[in-house]
Amino acid sequence: FTMTAGPLDMSCTKGQAFNLTLNVLNPDQSKSSLTIWNSRMQVRDTVSASSALIELSTSNGRITHDVTNGRIVLSLSSSETNGLPVGTAVYDLELVSTVGNSVVRLVQGNFTVGE
């Protein structure tokens, strides 16, 4: 399971719920099995920012896996997006293996919060 992080810009509206479903495919275009993976995503002001504006993960419930269909679902409530500053930040979304220490950066890019 090796891949290069793909570019993907995301955007949401401040004060409105944010939901995004990502289909995860293997190199041969088959659905990826997410059974041994958790996901985590941090949104930061800049790549080098010392702290995250918000973190999404399978452990905090802001990311869920649709294992049957090879999908990752990102979700933020309206109150969570309301707490984000308007403007463009950066993020990366990683898969973290539940067996061993594998970490795979899936996608990365800009995360824009609009008014």
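Note that the structure is predicted; figures quoted are calculated from it, not measured. Along the sequence shown, the residues carry numbers beginning at 1.
With hydrogens and angles ignored, the 3.5 Å screen pairs a side-chain donor or acceptor of Asp9 with a backbone N or O of Asn110. Judged purely by atom type and a 3.5 angstrom limit, Thr46 uses its side chain to pair as donor or acceptor with the backbone of Ala49.
Other residues, nucleotides and ligands place more than 12 heavy atoms under 6.0 Å from the CG atom of Asp28.
To the nearest 0.5 angstrom, Asn38 atom CG is 8.0 Å from Ser57 atom OG. In this structure, Leu93 CG and Gln42 CD are separated by 11.5 Å, a value rounded to the nearest 0.5 Å. Rounded to the nearest 0.5 angstrom, Ile72 CD1 and Leu56 CG are separated by 11.5 Å. One finds the CE atom of Met10 at 4.5 Å from the CE atom of Met41 (value rounded to the nearest 0.5 Å). If you take CG on Asn69 and OG on Ser32, they are separated by 12.5 Å, rounding to the nearest 0.5 Å. Remark: Ser39 OG to Leu95 CG distance equals 4.5 Å, nearest 0.5 Å.
The two residues Arg44 and Leu53 come nearest to each other via the heavy atoms C-CD1, 4.0 Å. Heavy atoms only, all atoms of each residue included: Ser78 and Thr81 are closest at O-OG1, 3.1 Å. Among all heavy-atom pairs drawn from Leu34 and Arg71, the shortest one is CD1-O, 3.5 Å.
Looking at Leu20, Asn19, Thr21 one by one, the single match for side-chain contact (heavy atoms from CB on, under 4.5 Å) with Ser75 turns out to be Asn19.
Residues Thr88 and Thr112 have side chains that bring a donor and an acceptor to within less than 3.5 angstrom of each other.
Hydrophobic clustering (ILVMFWY, side-chain heavy atoms < 4.5 Å, transitive): Leu8 and Leu76 are in one cluster. In the hydrophobic clustering of ILVMFWY residues, with side-chain heavy atoms under 4.5 Å counting as a link, Ile63 and Ile36 come out together.
Under the ring-ring contact (aromatic ring centres under 6.0 Å, His included) criterion, no residue pair touches residues 56-77, with sequence neighbours excluded. For residues 96-115, the pairs satisfying ring-ring contact (aromatic ring centres under 6.0 Å, His included) are Phe18-Phe111, with sequence neighbours left out.
In this structure, Val113 and Pro85 have side chains that are not in contact, with every pair of non-hydrogen atoms separated by 4.5 Å or more. Ile54 has its side chain within reach of Leu84: a pair of non-hydrogen atoms, C-beta onward, lies under 4.5 Å apart. Residues Trp37 and Thr58 fail the side-chain proximity criterion, which asks for heavy atoms closer than 4.5 Å.
Salt bridge annotation for Arg62-Glu80: present, with a cationic side-chain nitrogen under 4.0 angstrom from a carboxylate oxygen. Using a 4.0 Å cut-off between charged nitrogen and carboxylate oxygen, Arg40 and Glu94 count as a salt-bridge pair.
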